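Shown next, in structure tokens, is the structure this report addresses.
In this text, all values refer to a predicted model and were calculated from it rather than measured experimentally.
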Amino acid sequence: MFGLACNGNTILLVWPPFIMRMIKPCKMNVPFKLRPYQQEAVDATLDHFRRSDESAVIVLPTGAGKSLVIAELARLARRKILVLTHVKELVEQNHAKYQSYGLTGGIFSAGLKRKENRHQVTFASVQSVSANLDQFRDEYSLVIIDECHRVSGEETSQYQRIIELLRQQNDSLKVLGLTATPYRLAMGWIYRYHYRGFVRGDLDKPFQHCIYELPLSYMINRGYLTRPELVNAAVAQYDFSALSQDRFGEYAEKDVNQLLSKHKRVTRAITEQVMELATERKGVMIFAATVDHAREITGYLPKHQTALVTGATEWKDRDLLIQRFKQRQLKYLVNVSVLTTGFDAPHVDLIAILRPTQSVSLYQQIVGRGLRLDEGKQDCLVIDYAGNSVNLHHPEVGEAKPNPDSEPVQVFCPGCGFANIFWGKTDDDGRVIEHYGRRCQGLLEPAEEAEPGPPQQCDYRFRFKECPHCGGENDIAARNCQQCRKAIIDPDDQLRDALKLKDAMVIRCAGITLSVGESKLRITYHGEDGEELSESFDFSKPAQRTVFNRLFGRRFANSQAPKTFSRADEVVEIQALLPAPDFVIARKQKHYWQVQNRIFDYQGHYRKANEV
């Protein structure tokens, strides 16, 4: 039937032709072909961890295929890997992509009723691992965290406890996070250093480096994601501006319910408009503000076409409802804060946002639910009924908006030339008239003559608190000087002490005016209630000229263009760009008030001029 052929030490089976025709080709699992940017993300990870054990983040927009990047990294690994995420849907999704390579990985998730941890690669829910730490005492080489913006800096958090345990088994443990939105409202950016050469903050972060990032606009412009059609055609809007926010920028459910209960007509009108706009749409997701709000919305929608999912919905019921929605048996899916991640229904082509949020991260996650590609899908209609005013394509600032009028602005550092992105305001011609940045975010390589070392953050500060002992510039929240280490007087203490004195005057400065007499420059500080204080600087005296330039010249044009003035008339010519202090403190002399302190860049408990 068959013959043997000898080739050196190798014996080959030689099958007759008719036998060969009867054998069907074996069907192999062919792995997905990575898109160019996915391969770049994988390469960036390998390159980083060859050089360093410091934690890293990859930033890819919703729908960019993070699970494929995870699968490829897991496929290339030679030692044990743990892939963590917070919902069972993502555990299942990441595991399925890995299995598509024809490889076998374990699942450790109570929600999926599987507790497997003996494979080289384990896909797990953070809750299940945290509850079973004793089962994870093997040596792992890499932890991958999907949706890593959920990792807090607190040592007692579930993620940090797991990482700490695994580091005890392997002090070279590598930690990689993937997310579409690398920031948390209460924290800002979740990493410190960006591979393009800038810093995201002075404080410790859960991750050290962002090693790869792809903007949402890149994905949309190249056809990898559906184009969002942001429609400003809302028949009505809620106004949440009167409600107070917590430190995360969110609103108390009780306050929101109270406000919404007074606007039932608005909710009905909005729901009717959504139904009208959905006539030619395939799948509609509605994001409600509270459970009561969601129930009200659901009551206005066609019963046989609508499902409601909240945090209280039983898992079994939730899975069934989501499945029916994905199979298009249901058209409307109303939810409250539960379907922003780990949910994949490509046919969704209308997103209605009826909930307020200050989180750009959450807003992008919501809109991202409708951006996946699907056959016949041209765009995704997005309507914001909550007045969130989040620009989907603006560069992220990583901090809460200081006020509703703020927008991302580009501010060049006078020290190193780096183009910073801060919240700020512009005039009609697009010129920056105000910004809220504190310190330049540029990363500087060590000088050629200096010892080799890691890049350091540029030390130029746009807003600063000057040390009275050594003159060093410090962050406006600093308690001790970073140079001489001595205590810096807190501005609140300064104001409080001055207000107690009978011979002291404190004004909230609303503006300044200048006048010149020979070589002297006179500055008058105007209080919001009409009070005035004045002082003069004699520019013919080097010491007084130096003091003026240290106080005002250094802060010229929002510290974007520090200037050293040599003559008083020079200052008057461009006085519009001269900064005004927030508070001025003076002490009573015999016949006049002598200015003793000017407080710039104030942040504290006291109200500034013209603030509510």
Side-chain angles (χ1 to χ4, degrees), residues 31-48 56-76 83-87 89-98 100-101 123 144-151 176-183 189-191 194-196 207 209-228 285 339-349 351 360-375 377 379-380 382 390-396:
F32 290 90
K33 181 173 173 57
L34 296 184
R35 292 170 176 171
Y37 65 83
Q38 292 167 333
Q39 187 62 55
E40 288 171 5
V42 170
D43 293 343
T45 304
L46 299 176
D47 181 59
H48 173 76
V57 174
I58 290 172
V59 181
L60 293 173
T62 301
K66 292 190 291 294
S67 56
L68 281 173
V69 174
I70 293 170
E72 177 67 4
L73 288 169
R75 185 183 73 84
L76 294 172
V83 181
L84 292 173
T85 191
H86 66 294
V87 290
E89 289 89 349
L90 282 175
V91 174
E92 209 165 24
Q93 181 179 308
N94 290 335
H95 177 260
K97 289 290 191 295
Y98 180 68
S100 74
Y101 281 95
F123 296 85
I144 298 177
I145 303 173
D146 196 3
E147 304 293 348
C148 67
H149 57 275
R150 301 183 67 87
V151 179
L176 175 71
L178 291 97
T179 181
T181 48
Y183 26 81
W189 298 99
I190 62 173
Y191 61 85
H194 196 282
Y195 69 103
R196 292 200 183 103
F207 298 90
H209 302 272
C210 173
I211 57 173
Y212 188 79
E213 182 171 19
L214 202 65
L216 183 66
S217 55
Y218 175 97
M219 298 290 292
I220 293 168
N221 293 337
R222 283 160 180 76
Y224 291 127
L225 290 177
T226 303
R227 187 171 297 280
M285 289 188 73
L339 299 179
T340 52
T341 58
F343 176 83
D344 185 3
H347 75 289
V348 171
D349 53 2
I351 299 283
V360 177
S361 165
L362 177 60
Y363 194 87
Q364 289 183 350
Q365 294 281 13
I366 287 171
V367 175
R369 298 308 101 203
L371 301 189
R372 294 185 186 275
L373 300 175
D374 195 40
E375 190 177 347
K377 185 173 169 182
D379 59 23
C380 178
V382 179
V390 175
N391 188 319
L392 205 58
H393 300 289
H394 268 166
E396 175 54 36

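No side-chain heavy atom of Asp349 sits less than 4.5 Å from a side-chain heavy atom of Asp379. Asp146 places none of its side-chain heavy atoms less than 4.5 Å from the side chain of Leu84. Using a 4.5 Å cut-off on side-chain heavy atoms (C-beta onward), Thr85 and Ile144 make no contact. Put simply, the side chain of Ile211 does not reach to within 4.5 Å of the side chain of Asp47, judged on heavy atoms. Between Pro61 and Met219, some side-chain heavy-atom pair lies under the 4.5 Å cut-off. Residues Cys148 and Val57 form a side-chain contact, since some pair of their non-hydrogen atoms from C-beta on lies under 4.5 Å apart. Looking at heavy atoms from C-beta onward, Lys66 lies out of side-chain contact with Gln38 at the 4.5 angstrom threshold. Side-chain contact between Leu60 and Ile58: present, with at least one pair of heavy atoms (C-beta onward) separated by less than 4.5 Å.
The main-chain N or O of Val69 is never found under 3.5 Å from a side-chain atom of Lys97 such that the two would form a donor-acceptor pair. Listed for the Thr181 side chain is no donor-acceptor partner under 3.5 Å among the backbone atoms of Tyr183.
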Run the numbers on Ile366 and Val382 for side chain to side chain contact (heavy atoms under 4.5 Å, CB included), then give the verdict.
CA-CA 10 Å; Ile366 287 171; Val382 179; over 6 Å; no
What verdict does the side chain to side chain contact (heavy atoms under 4.5 Å, CB included) test give for Thr62 and Gln364, after you've listed the backbone C-alpha separation in whole Å, the side-chain angles of each residue and the deciding distance to 0.1 Å?
CA-CA 8 Å; Thr62 301; Gln364 289 183 350; over 6 Å; no
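The two residues Glu72 and Leu34 come nearest to each other via the heavy atoms CG-CD1, 3.7 Å. Between Tyr37 and Ala64 the shortest heavy-atom distance is OH-O, 2.7 Å. For the residue pair Ala180 and Val59, the shortest heavy atom distance occurs at O-CG1, 3.9 Å. Shown here for Pro228 and Val367, the closest heavy-atom pair between the two residues is CB-CG1, 4.4 Å. Taking all atoms of both residues into account, the shortest heavy-atom contact from Phe123 to Tyr98 is CZ-CB, 3.4 Å. Minimum heavy-atom separation, Arg372 to Lys377: O-NZ, 2.8 Å.
The one candidate from Val83, Ile70, Leu73, Asn94 that meets the side chain to side chain contact (heavy atoms under 4.5 Å, CB included) condition with Leu178 is Ile70.
The side-chain hydrogen bond (donor to acceptor under 3.5 Å, both in side chains) pairs that include a residue from residues 216-226 number zero, where partners must be two or more places apart or lie in different chains.
To the nearest 0.5 Å, the span separating SG on Cys380 from CG on Asp374 amounts to 11.5 Å.
Not counting sequence neighbours, Glu213 has no partner by the salt bridge (charged side-chain N to carboxylate O under 4.0 Å, His left out) test.
Salt bridge status for Arg150 with Glu147: absent, with no side-chain N to carboxylate O gap under 4.0 Å.
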